[in-house]
Amino acid sequence: MSRFGEVDDQYDPHELERRVFEYWDEVDAYEQTVEHRSDGESFFFVDGPPYTSGAAHMGTTWNKSLKDVYLRFFRMQGYDVTDRPGYDMHGLPIETRVEERLGFENKKDIEEYGEENFIEACKDYAEEQLEGLQEDFQDFGVWMDWEDPYKTVSPEYMEAAWWGFSKAAERGLVEKGHRSISQCPRCETAIANNEVEYEDVEDPSIYVKFDLADRAGKIVIWTTTPWTIPANTFVAVDEEGDYVGVRAEKDGEEELLYVAEAKHESVLREGRYDDYEIVEELTGEELLGWSYEHPLAEEVPDHVDAEGAFEVYAAEYVDTHGDGTGLVHSAPGHGEEDFERGRELGFPIFCPVGGDGVYTEDAGKYAGQFVKDADDEIIADLDDNGALLASGTVDHSYGHCWRCDTGIIQIVTDQWFITITDVKDELLENIEDSEWHPEWARDNRFQDFVEEAPDWNVSRQRYWGTPLPVWTPEDRDDGAATAASPEHADGRADEEMIVIGTREELAERVDQDIDPETVDLHKGTVDELTITEDGTTYSRVPDVFDVWLDASVASWGTLNYPEDDSRFDELWPADFILEAHDQTRGWFWSQLGMGTAALGDIPYEEVLMHGHALMPDGRAMSKSKDILIDPHEAIDRHGRDVMRMFLLSNNPQGDDMRFSWDGMQTMENHLRTLWNVFRFPLPYMRLDGFDPQEVTLEDVDGDLELIDEWVLARLQSTKAEMTAAFEDRRQDKALDALIEFVVDDVSRFYVQAVRERMWEEDDSASKEAAYATIYRVLRETVALLAPYAPFISEEIYGTLTGDEEHPTVHMCDWPEIDAYWEDEQLEADVAHLRAIEEAGANARQQAGRKLRWPVPRVVVAADDERVVEAVERHTDLLADRLNAREIELVSPDERWGELQYSAEADMSELGPAFGDRAGQVMNALNEARIDDPSLGALEEAVSDVLEDDESITDEMVSFVTQTPDGVAGTAFGLNGDDRGVAYVDASLTDDIESEGYAREVIRRVQEMRKELDLDVEERIALDLEIDDDRVADLVSEREALIREEVRADELRTVEDGHRKEWDVEDVSMEIAIEPLAAAEASE
RNA sequence: GGGCCAAUAGCUCAAUUAGGUUGAGCGCCACUCUGAUAAGGUGGAGGCUCUCGGUUCAAAUCCGAGUUGGCCCA
């Protein structure tokens, strides 16, 4: 780009972004930036891989924008940043999508289609989705290594998963277990607890009476899963709970029922008993050992038959005040807690249900039925058997498969586990080694989650995943999970298993001949491989890994470790990761678990945890319900920089972000302001041939004016504030600081103040100083903005620097604070002056005097010395900004005449002094009006509310001036504290009217010049006719001023020019102008 | 059902680690200004600080119990 070249009049994000994309491509901006930092200190960032189903939504967009802003920031700070993006491409979600595409209903369809074909289809689908995501991310302006993303389906990445798992196995943390798990009966696989999604559904709610075997009466249980009754093995009670025996009467018949004392009324109400009477009070302990009869003993002849079954036992999971009856039907073949307790009690694990949710032959009468379909029949049978006390329905939340939305069932199957509960202490210690933003996410939420976490079931009975690298002896049944295999009830690891860690090891040990360089590790290939050692042949366990395991190894998978071990030692663990809060149960957790199990360490040092993107009305976005804001629409409406700025202006620490079109518009306005600030000095610099390399700020130091020094001081404190905010991981606060600087300080104040210097036609030191100042300000501002809005920053940078600096702004260093230009006092001074100016403008408006008209004087009544200092040091600047002929200062210990006073109360003083009457005293003080600002006068004015011995002290009040007639006054303050009052004396003199009218004329001529679209330098002839003779005289006194300002070389009658009638303060004027250039050119 | 977080102007958020008369930006309305300006300036409307209790002379702030939303867990 050529320096100070012509730029668009209007900020046009789409055209600009298109140009910048082209430019980046042309100069290999990304590659050059990476190369530029290749000698820097390493910074290891790991990308949490998005799942490759569906397009980028606003949440993903926010996430990637956050990553981009921090990676760019770290780069600008000099780090050599690892920025390899990743994609999570295996797993059930993709399988279900592909099943939908192919019209499959269940696993049988897949088997018929062919496992290998299905895996191929899944791979194609994932790659297809990846392309879409990748295009989106690039389109958002995110700079990562798009040429070489890590993919969880690549051989080297799958090897990283194998390696991690094998390290965990070496540490004895891998075992095959016979456990109660959540099973999706449609997908026919176990799913992890964190894949279970809870939804409100209507289920049966039944109360069942179990006949006691060796005594009179019945115990009553409650369940919402009638289909688990066939597997009932025992009933649990709370040992310390209170229970009652109730003699209940219905239709003339009496029954003796045992339930928790706290629940007896509600249970009897459910059973619609006519009357009842408590006949016995017992503790849970007294119920222990009571035996009962299985209510479906005949229907399920193969039911549990073991010593001690069908008796009452104590269990911790019983609550005598919760739902139900205080007696809990327990089936170790189903529920997780039942299973644990059943195993403690040494019961066989009876689970008459297969992985597809269909009852097996063990279920007797119900064999072959899907369990949920059997509920009605079971309820009817219980009723027939006289065991049903009540039957209804209940609305409650029940677990569903996260992908296909099928209700899950709890069954006991064989699964492979990483027994992270064995290293729970280590996990909790490792958490301490990580720094989280926000802190509470680690100390409360994550720690709680880890403390509660059960062993990690890593096996899935599916196809599209990383195969378990486990081989077991062929003659044993270690295959896909089968229900009910009581012989494995101890659930310990198989001593004879072989766990393979790398492809090389695989090639060495398998019987078949394979090439480790080219072997694909998916099921299609590895299922065929066997290992024969010491006369035993081992075959592979057919399961694949839980997809969370894939992502859990990203910290070394990103480095292609173990295949490539060149960087692992130097880089691992990750310096920084950044994801949304749902990842506490996901990636934050799986990485901690895997890192600890495999290497004994947490794989990341710093976590930035952001929230979710919500709809403008606060609802969660949901693609399936079509409740969403599409990032592409946001870009279409406002452009990429604006969308990024909006997203990045939100707090990234834990809080959710509400999308807002207003917020987007605001950001566009800010960028437009920046654009205007940027393009304002360009024509002047171009005209004067300003060369920032020749004329640096340091060269013009002696010619800098106060306002220049001030804006430079503000630039230093803005950099300090931004750097601190970035280091605190609050890029939103950093952006706020930058916007305030650009919009408030540079655009509204500095540029307003220097424009006249830039208009000067002759060369001047002051103009050069202003050029150098604004150049430095803009040059550093675009560097500060670059991580947020990389496109507009690039264009501005290119226009400012031409070929003199880096090819791209993103190679710049993060601007450092230059102590030389720091000036806190000046910043504070100007803050005071701006407050006074603002008050003065207000007072002017009250007095009906426009800024264009000078006023004879402005009186500043200062409340404190700091204001006095500021005004004394910068009187001229203040007079200029307020267009006042004179500034008069009234110091704090003086009074300006003709003023009245009131008092403002300070509640922090009144409170302790007056107690509960403080409010009353405050009101009296606020309403008081006195001529003399003394405590005595004030006390007199509020004497009604004061008691005899009470007085008002200095600390309690501050006096406030009341505006006298003829002068308008407005209080000014800083940070909410009053610092004084600015009074504008708006009286008129001939001289003032002369200048006022002259300025009115100038402004109208300027507007007419603009209407003709004249160049700034264009000379004109001016024709001015004013009806009012007095005003005409006043204006003619300022003829020279007018001619200079509007560049009127000639004052004469204009025949054919641009002519207009104006009404100025009720005086009508006729103005005509004509450019002289045309005439000159023709001569 | 449990845990964590949030709740302040129409919207987004502040309110100085530890109570003291609730503020800003955006949006809206009116007026005004304009040779960088789809800008700017001034004013206005808009708040039982989610509810109910408690502590205190005094609570947006501290404590307790709820309500709503988000996430997590069961």
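Convention: sequence-line order gives letters A, B, ...; per-chain numbering from 1.
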(request) May I ask which nucleotide in the shown strands pairs with B:C31, Watson-Crick or G-U wobble, both distances under 3.5 Å? (result) B:G41

(message) In whole Å, I'd like the distance from the CH2 atom of A:Trp456 to the C1' atom of B:C73.
(response) 18 Å

(request) Searching all strands shown, indicate the nucleotide that pairs with B:U51 (Watson-Crick or G-U wobble; both distances under 3.5 Å). (result) B:A65

(request) Taking atom types as modelled, find out whether A:Ser330 and A:Tyr317 have a side-chain donor-acceptor pair closer than 3.5 angstrom. (result) yes

(message) Would you measure the distance from the C1' atom in B:C28 across to the matching atom in B:A45 and give it in whole Å?
(response) 9 Å

(request) Consider only side-chain N and O atoms of A:Asp656 and A:His581, and report whether a donor and an acceptor are under 3.5 Å apart. (result) yes

(request) Map A:Glu452 and A:Ser649 onto RNA chain B by nearest heavy atom, then report which one ends up closer to the 5' terminus. (result) A:Ser649

(request) Take atom C1' in B:A59 and the same atom in B:G69, then report the distance between them in whole Å. (result) 25 Å

(request) Give the rounded distance in Å between these two atoms: CG of A:Leu614 and P of B:C5. (result) 18 Å

(message) Under 3.5 Å for both donor-acceptor distances, Watson-Crick or wobble: does B:G25 have a partner, and if so which one?
(response) B:C11

(request) Name the closest nucleotide to the A:Gln752 side chain, picking from B:U37, B:C73, B:G41. (result) B:U37

(message) Without decimals, in angstroms, what is the distance between A:Met657 CE and B:C5 C1'?
(response) 17 Å

(message) Is it true that A:Asp688 and A:Tyr771 share a donor-acceptor pair across their side chains at a distance under 3.5 Å?
(response) yes

(request) Among B:U37, B:G70, B:G40, find the nucleotide with the atom closest to the side chain of A:Asn676. (result) B:U37

(request) Using a strict 4.0 Å threshold on nitrogen-to-oxygen distance, state whether A:Arg179 and A:Asp455 make a salt bridge. (result) yes

(message) Rounded to whole Å, how long is the line connecting atom CH2 of A:Trp853 with atom P of B:U42?
(response) 22 Å

(message) Would you measure the distance from the C1' atom in B:U12 across to the matching atom in B:C31 and give it in whole Å?
(response) 27 Å

(message) Under 4.0 Å from OP1 or OP2 of B:U12: is there any side-chain N or O of A:Arg658 that close?
(response) yes

(message) Under 4.0 Å between a side-chain nitrogen and a carboxylate oxygen: does that hold for A:Arg834 and A:Asp745?
(response) yes

(message) Would B:A18 be called syn or anti here, given the cut-off of 90° from 0?
(response) syn

(message) So A:Tyr684, base contact, sugar-phosphate only, or nothing? Heavy-atom distance under 4.0 Å.
(response) sugar-phosphate

(request) Sticking with atom P, work out how far B:A39 lies from B:C5, rounded to a whole angstrom. (result) 42 Å

(message) At less than 4.0 Å, is any side-chain N or O atom of A:Arg585 found next to OP1 or OP2 of B:C73? Yes or no.
(response) yes

(request) Compare the minimum distances between each of B:C4, B:C72, B:U12 and the side chain of A:Trp440, then state the nucleotide with the smallest one. (result) B:C4

(message) If I take atom CG in residue A:Leu882 and atom P in nucleotide B:C33, what distance separates them, rounded to the nearest angstrom?
(response) 17 Å

(request) Assign A:Arg748 to base, sugar-phosphate, or nothing according to its heavy-atom contacts below 4.0 angstrom with the strands shown. (result) sugar-phosphate

(message) Closer than 4.0 angstrom, basic N to acidic O: yes or no for A:Arg637 and A:Glu668?
(response) no

(request) Round to the nearest Å and state the distance from A:Trp675 atom CH2 to B:U37 atom P. (result) 14 Å

(message) Any strand counts, and the cut-off is 3.5 Å on both contacts for Watson-Crick or G-U wobble. Which nucleotide pairs with B:C71?
(response) B:G3

(request) Measure from the side chain of A:Asp656, starting at C-beta and using heavy atoms only, and say which of B:G70, B:C26, B:C72 lies closest. (result) B:G70

(request) Check the distance between B:G2's C1' and A:Glu337's CD and give it to me in whole angstrom. (result) 13 Å

(request) Could you measure between the two C1' atoms, the one in B:G25 and the one in B:G64, and give it in whole Å? (result) 36 Å

(message) Looking only at the side chains, is there a donor atom on one of A:Thr60 and A:His57 sitting less than 3.5 Å from an acceptor on the other?
(response) yes

(message) Suppose you measure atom P in B:G44 against the same atom in B:A24; what distance do you get, rounded to whole Å?
(response) 11 Å

(request) Return the nearest nucleotide to the side chain of A:Asp655; candidates are B:C5, B:G40, B:G27. (result) B:C5

(request) Would you indicate which nucleotide in B:C26, B:U37, B:C11 comes nearest to any side-chain atom of A:Arg679? (result) B:U37

(request) Would you indicate, yes or no, if B:A38 has its OP1 or OP2 atom less than 4.0 angstrom from a side-chain nitrogen or oxygen of A:Arg672? (result) no

(message) Which is more 5' along RNA chain B, the nucleotide nearest A:Gly663 or the one nearest A:Pro681? Just name the residue.
(response) A:Gly663

(message) Taking donor-acceptor contacts at under 3.5 Å, does the side chain of A:Gln10 reach the base of B:U37?
(response) no

(message) Using whole Å, what does the distance between atom P of nucleotide B:C71 and atom CD of A:Gln653 come to?
(response) 20 Å

(message) Give me the distance, rounded to whole Å, that separates B:G27 from B:A38 when you measure between the P atoms they each carry.
(response) 15 Å

(request) For B:U8 versus B:A60, give the span between their C1' atoms, rounded off to a whole number of Å. (result) 7 Å

(message) Could you go through A:Tyr684 and A:Phe690, starting from their C-alpha distance and side-chain angles, then the distance that decides it, and tell me whether this counts as ring pair (Phe, Tyr, Trp, His ring centres under 6.0 Å)?
(response) CA-CA 8 Å; A:Tyr684 307 106; A:Phe690 171 69; over 10 Å; no

